> 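I am attaching a structure below and will ask some questions about it afterwards.
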Amino acid sequence: MSIKENLIEIKNTFVNPNCKLVAVSKTKPVDALKEAYAAGIRDFGENKVQELVDKQTQMPQDTQWHMIGHLQRNKVKYIAPFIYLIHGVDSFKLLKEINKEAKKADRIIPCLLQMHIAKEESKFGFDQVELEEMLQSKEIKELEHVKIVGLMGMATFTDNEDVIRREFKGLKALFEELKSNELPQNFNLKEISMGMSGDYLIAQEEGSTMVRIGSAIFGSRN
Ligand SMILES: *Cc1c(COP(=O)(O)O)cnc(C)c1O
């Protein structure tokens with residue numbers, strides 16, 4: 001099936017038609033992105049800065065670029081001038097660096113805090129204690145060039161749907177808990193980025209507002 005057909009089929013399965021679709025185009029050639037663009041997609045997700053910047057120069061100006069992977073602090077400067085949303089903010093240090101580069105670019109960059117929800121010991125993401133510490137700090141309020149618009153999480157890589165569902169439920173619960181607090185003015189929580197090709201329906205059932213789908217659109221990666 002073509003990219004366009006895949007997109008139509010995926011959208012038809014959405015249990016929440018308002019859920020945003022980010023087309024994860026990592027490793028795929030620009031021609032594939034253009035095909036998705038022609039089919040109406042404007043949001044593209046990449047996980048490597050160099051690749052994202054390369055593709056950005058070759059795609060139409062109104063393409064919205066999402067940084068979905070682990071972001072190294074020394075690379076923030078390359079995407080700060082144009083990035084639409086950074087999904088993988090996994091440390092306070094990284095958030096401060098984004099703020100610094102956003103200031104230079106005269107922007108306010110929307111960010112999602114990546115929460116560590118999976119069983120497996122992935123290195124990335126805040127745990128609840130780290131999140132609490134950041135919220136208690138007085139520095140967080142001073143970051144005027146970032147806007148925390150939500151949370152992001154990745155479920156354990158497993159076939160066990162109960163495990164995946166439980167982890168997504170946990171992220172949604174944390175999101176609601178967080179929202180019920182008094183938060184700094186650079187917070188405006190609206191998005192929960194969860195769900196990929198294999199688990200986006202479960203994610204939507206559990207309250208995802210944004211799914212990041214790659215292989216189901218573009219085919220498997222090598
Ligand atoms: C690659 C990737 C995806 C998309 O994965 P698929 O299984 O191909 O849909 C989503 N989120 C992140 C963070 C990724 O790195």
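The first residue of the sequence shown is numbered 1, and numbering continues consecutively from there. Values below: every heavy atom of this structure, side chains too, minus hydrogens, waters and symmetry copies. Every value quoted in this text rests on a predicted model; they were computed, and no experiment measured them. Each ligand, and each atom within it, is numbered from 1 in the order the structure gives.
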> Which residue holds the protein heavy atom closest to atom 11 (N) of ligand 1, what is that atom called, and what is the gap in Å?
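Here the nearest protein heavy atom works out to R212 NE, 2.9 Å.
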> Considering V22, I217, I213, I68 one by one, which has a heavy atom nearer to atom 13 (C) of ligand 1 than any of the others?
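Of the listed residues, I68 has the closest heavy atom.
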> When you measure from atom 10 (C) of ligand 1 to every protein heavy atom, which one gives the shortest distance, and what is it?
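Going atom by atom, the protein heavy atom closest to atom 10 (C) of ligand 1 ends up being M196 SD, 3.3 Å.
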> Would the distance check show the side chain of S208 and the main-chain N or O of S193 forming a donor-acceptor pair, the cut-off being under 3.5 Å?
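The answer is no, because no donor-acceptor pair under 3.5 Å joins these two groups.
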> Does R221 have a heavy atom less than 4.0 Å from any atom of ligand 1?
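For ligand 1, residue contact (heavy atoms, under 4.0 Å) with R221 is present.
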> Looking only at protein heavy atoms, identify the closest one to atom 9 (O) of ligand 1 and say how far it is in Å.
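Checking every protein heavy atom, the shortest distance to atom 9 (O) of ligand 1 gives S197 OG, 2.5 Å.
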> Can you sort out which atoms of ligand 1 are near M154, meaning under 4.0 Å from one of its heavy atoms?
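This gives 13 (C) as the contact atoms.
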> Are E144 and K103 close enough for a salt bridge, meaning some N to O gap below 4.0 Å?
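Here E144 does not pair with K103 in a salt bridge, since their nearest N and O are not under 4.0 Å apart.
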> Nearest protein heavy-atom contact for atom 2 (C) of ligand 1: which residue, which atom, what distance?
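For atom 2 (C) of ligand 1, the nearest protein heavy atom comes out as K26 NZ, 2.6 Å.
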> With a cut-off of 4.0 Å, which atoms of ligand 1 are near a heavy atom of G214?
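By the 4.0 Å cutoff, the relevant atoms are 4 (C), 6 (P), 8 (O), 9 (O).
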> Between H66 and Y84, is the ring centroid distance below 6.0 Å?
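Under 6.0 Å, so yes.
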> Should K169 and E206 count as an ion pair when the cut-off is N to O under 4.0 Å?
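Salt bridge flag = yes for E206 with K169.
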> Taking N or O atoms only and a 3.5 Å limit, does V24 qualify as a polar contact for ligand 1?
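V24 vs ligand 1: no N/O contact under 3.5 Å.
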> Is K4 salt-bridged to E35, cutoff N-O under 4.0 Å?
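A salt bridge is absent here (no side-chain N lies under 4.0 Å from a carboxylate O).
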> When you check the gap from the basic side-chain N to the acidic O, do K96 and E139 get nearer than 4.0 Å?
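Looking at E139 together with K96, the answer is yes, because their closest N to O distance falls below 4.0 Å.
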> Taking the basic N atoms (NZ, or NE/NH1/NH2) and the acidic carboxylate oxygens, is any pair closer than 4.0 Å for E97 and K93?
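No, no charged N to carboxylate O under 4.0 Å.
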